[in-house]
Amino acid sequence: MVESFGLAIAIAGGALAAILGGIGSAIGIGYAAQAANGVLSEDPEKFGSLLILVALPGTQGVYGFIGAFMVLQKIGLFGGEMATLTLQQGLQVFFAAMPVAIACIASAIWQGKVCTAGVEMVAKRPTEAAKAMIYGILVEFYAVLGLIVSILAIVQMRL
Amino acid sequence: MAVIPIEKVHIVVHKGVKDRFLKTLQKEGIIHIVELKESTPRTSEDLARINDAISQLSSFKKRNPLSMFFTIKRHMKYETFNKSAQLYDYNKTVKQLEIVKDEREKTLVRLHQLEDDIALLTPWIPFEENLEILKSFKKTDVLPVIIPSSEMFDDITNHITDICFSTEYVNTISLTEYDLFFVKNEQSSSLRSRLIEQGCEIVNFKDHSGKPADLISSFKREAKQAEHNIVVLEKQEEMLSKEIAKLETASDLLTNEEHKEYIANALPETIRTTNIIGWVLKRNLKRLDTLIKKAEYAFYEIIKPDPEERPPVALQNITFSKPYEMLIKLYSMPDPKEFDPTPFLAVFFPIMFGLCITDAVYGIILILISLFLMSKVTGNKNLFKILLVGGVFTIFAGAIVGGWVGDIFEYIGFEPLIRFKNSIMLFDPVKQPMIFIAIALGLGFIHMMLGILIEVVDNIKNGEYSQAIFANLTWFIILPSIILYFTIFNSSLIGRGILELILWVCIMGIIVASHPEGKSSPVDQLIWGIIIWLLWYFGTGLAGNLFEFQYAITIPKYALLTLIPLLVIEIIRIKHLKKVLGKIAWGFYNLYGISSYLGVLLSYVRLMALGMVTGVIAIAINKIAWMITGIPIIGIILVIIILIPSHLFNLIINVLGGFIHTMRLQYIEFFGRFYSGGSKPFKPFGFETNYIELK
């Protein structure tokens with residue numbers, strides 16, 4: 001019973017990475033896409049320049065997914081032998097997945113807000129689209145850091 | 001390599017030749033005009049009509065998919081462009097388009113009206129009389145009523161007891177009931193309001209005359225005709241869309257014509273002359289001279305700008321570093337007296353960008369994409385050139401960390417490729433992340449030191465020697481010395497001794513002499529340098545005991561006694577003492593600046609983070625894709641279908657991140673040291689086009 005508990009906690013860590021990253025991205029894209037649709041109703045030609053701004057908060061979902069994938073891979077869920085984890089080891093994996101999970105949900109939502117403002121700026125000044133993008137990408141960096149820490153922890157961990 | 005020298009000129013032109021002269025100036029594009037009168041540029045009706053016509057036709061325009069992201073202009077020679085207005089009667093096309101648009105709008109309005117009427121009449125089809133009959137009674141009003149639900153009918157009729165009326169059932173469509181209510185004229189309005197209160201709707205048949213069924217079929221016929229008319233009008237538009245290129249040319253031409261008019265009206269004038277005051281690049285003065293001579297009734301002189309006036313700035317760089325001017329422009333143009341950092345960007349930008357991606361195959365793809373875009377996109381190609389060079393460095397960075405589409409060679413399992421990869425790979429970033437951090441920090445350290453060195457040179461150029469030496473050069477020496485002290489020379493007593501001496505001189509220099517304004521007398525500075533050093537030495541010596549640290553240079557404790565005569569001297573020189581002490585406080589604050597150097601340095605770790613994330617995502621993509629190789633035959637195809645878009649996504653997202661974070665390192669960490677910027681870019685009066693690229 002206790003052994004399988006470790007495995008469950010480890011899977012929960014991976015699952016949370018995917019879930020929180022996904023929630024963050026969905027909310028972030030939601031914000032930006034709504035604003036973009038509003039702009040498109042006036043000027044459909046701006047689709048190209050708005051697409052990147054709308055898509056930017058989507059990367060955190062991918063990062064969360066990759067974090068989850070690395071966790072599942074680590075505990076041997078894809079073929080090979082499934083690791084038997086003690087409760088402690090399960091918790092290790094769980095906490096290793098937390099940086100990417102939490103950094104992703106927060107940064108995706110805020111990036112969505114920044115990109116929404118960017119969309120509004122592009123509506124008024126289409127030539128400045130690049131600058132709006134720059135601010136958006138600055139927010140994204142912290143999700144990258146979360147992912148790196150999670151990956152390093154998972155890869156270097158001995159189970 | 002530098003900011004191009006620039007001169008302010010004052011041109012006087014006789015009004016008779018003003019228009020011709022402005023036209024040549026616009027064509028040459030050499031003068032940045034300033035001192036214009038207040039006036040708002042406006043768009044003429046002609047131009048507005050052309051632009052409307054272009055947007056009307058835009059849906060028929062054959063669009064290059066790239067134009068969603070980049071501006072793509074047509075090439076045209078100046079002469080052809082200039083003549084195009086005389087050769088083409090844009091008015092005719094615009095007028096035709098306006099007629100078509102007008103007609104279509106009218107037809108559309110009619111079509112909507114017909115559709116509404118059909119929807120209104122359809123439920124009343126069972127009423128097989130002429131609708132006019134409803135209005136023909138003298139003392140009775142007929143109200144056609146829609147009752148939301150047939151169950152409500154009894155409720156409503158029972159409810160209204162004080163008004164005399166009768167009803168006739170017409171139709172029921174999915175619960176909704178349609179009835180005619182007959183009521184005396186004088187009670188009609190109160191029945192109306194009662195029915196509305198009950199949630200019913202009273203229909204207005206307008207002036208329709210005829211049986212509903214007949215009316216509907218005639219409306220349907222008309223609607224069909226209207227739809228047909230719209231198709232015909234759209235066809236006409238499509239025919240006219242062949243003219244769009246010509247309209248675009250006309251729009252560009254008129255825009256520039258109007259810009260010229262605007263300038264002409266905003267120039268300061270006397271009764272007979274027009275004055276053009278502006279900036280010309282020094283190397284273009286000869287061209288200006290020739291233009292003036294050709295114009296005959298014109299004259300110019302070079303004038304001295306106000307001391308407080310900031311001239312616009314143009315940059316000049318060799319081909320290799322020219323594209324990076326774009327990044328400077330995006331940030332801020334340098335002050336005319338300032339140093340143009342473009343060449344340094346040209347060196348560091350691609351290296352750091354490469355480190356942010358670190359995948360050799362991605363580098364190759366990036367090069368190919370840049371080359372493709374360079375051949376397709378018109379106008380400014382600087383961005384693609386930067387990406388191209390960045391791609392080359394990405395290949396190097398990728399080879400070093402063994403990133404070839406992540407770890408795809410292992411999956412392909414082709415031995416020679418794996419051996420080739422391993423032979424040039426220096427380390428695996430996932431297994432040895434510390435090496436990657438060290439590379440990022442090392443590169444950052446060099447970048448930061450260069451920034452300080454530029455600061456030193458800048459200060460010397462501006463004559464602020466003491467700042468150059470005590471606020472900048474000292475740090476330039478201290479930072480590498482500290483590193484050497486704890487690494488290479490850690491075990492060499494002599495090496496450490498020399499470094500200690502250097503460090504102490506620098507630190508004392510910062511403490512007593514780095515205040516930016518008003519120097520105190522060197523004697524006091526020297527004495528206070530020694531006093532502080534003695535206190536420092538014994539203070540840190542005591543702290544050192546805790547960490548088992550010992551200075552290489554040791555002095556006996558009784559050396560502290562020298563403090564007494566030194567302090568006595570300073571007390572005698574009390575007037576100077578006050579001056580020095582305030583500056584020393586500032587000096588300590590400057591010494592604390594080491595924390596900012598540490599912060600700047602750590603910021604470069606982002607290179608490692610971004611570099612690793614590309615590899616990690618690529619590896620994950622490969623792993624996921626290869627899971628489905630088990631499916632026979634279509635397995636391989638599915639793998640390829642997953643691999644290509646996923647890796648492209650990874651490439652794009654990392655190019656964006658890499659580019660912007662590399663840019664940030666230049667702007668904040670590097671420029672922060674020495675760059676003030678804030679100048680306006682040199683923007684000569686010339687042609688600005690939306691659709692045409694002039695050769």
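Below, read A as the first sequence line, B as the second, and so on, with proteins coming before strands; counting in each chain starts at 1.
Within 6.0 Å of CZ on B/Arg74 lie more than 12 heavy atoms contributed by other residues, nucleotides or ligands. Within a 6.0 Å radius of OH in A/Tyr135, no more than 12 heavy atoms belonging to other residues, nucleotides or ligands are found.
Taken from CD1 in A/Ile66 to CG in B/Asn650, the straight-line distance is 7.0 Å, to the nearest 0.5 Å. Here the straight-line distance linking atom CG of B/Leu610 with atom CD1 of A/Ile148 works out to 8.0 Å at 0.5 Å rounding. Within the model, atoms CG of A/Leu138 and CD1 of B/Ile668 stand 7.0 Å from one another, a figure rounded to the nearest 0.5 Å. Distance check, rounded to the nearest 0.5 Å: OH of A/Tyr63 to CD1 of B/Ile617 gives 5.0 Å.
Heavy-atom distances place the side chain of B/Ser58, and not its backbone, under 4.5 Å from chain A. Heavy-atom distances place the side chain of B/Ile660, and not its backbone, under 4.5 Å from chain A. Contacts between A/Phe69 and chain B at a heavy-atom distance below 4.5 Å involve the side chain alone, from C-beta outward. For A/Val62, the part lying near chain B is the side chain, with the backbone staying farther off; criterion is any non-hydrogen pair under 4.5 Å. The parts of B/Leu656 that come within reach of chain A are both its backbone and its side chain, each placing non-hydrogen atoms under 4.5 angstrom from that chain. Looking at B/Ile621, there are no atoms closer than 4.5 Å to chain A (heavy atoms on both sides), in backbone or side chain. Residue contact with chain A, scored on non-hydrogen atoms closer than 4.5 Å, involves the side chain of B/Phe649 exclusively.
Closest of all the heavy-atom pairs between A/Leu145 and B/Ala609 is CD2-CB, 3.6 Å.
The candidate with the highest count of non-hydrogen atom pairs below 4.5 Å against chain A, out of B/His661, B/Met612, B/Met627, B/Arg664, is B/His661.
For the pair B/Leu330 and A/Ile134, the minimum side-chain heavy-atom distance is below 4.5 Å.
Taking the side chain to side chain contact (heavy atoms under 4.5 Å, CB included) definition, one finds that B/Trp626 meets it with B/Ile408, B/Tyr411, B/Thr629, B/Val639, B/Leu643, sequence neighbours left out.
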Can I get a per-line list of side-chain donor-acceptor pairs under 3.5 Å for residues 152-159 of chain A, giving both atom names and the distance, sequence neighbours left out?
| from | atom 1 | to | atom 2 | distance (Å) |
| --- | --- | --- | --- | --- |
| A/Gln156 | NE2 | B/Val430 | O | 3.0 |
| A/Gln156 | NE2 | B/Lys431 | O | 3.4 |

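Contacts classified as salt bridge (charged side-chain N to carboxylate O under 4.0 Å, His left out) and involving residues 610-624 of chain B (residues at least two apart or in different chains) are not found.
Chain B is approached within less than 4.5 Å, heavy atom to heavy atom, by no residue from residues 26-39 of chain A.
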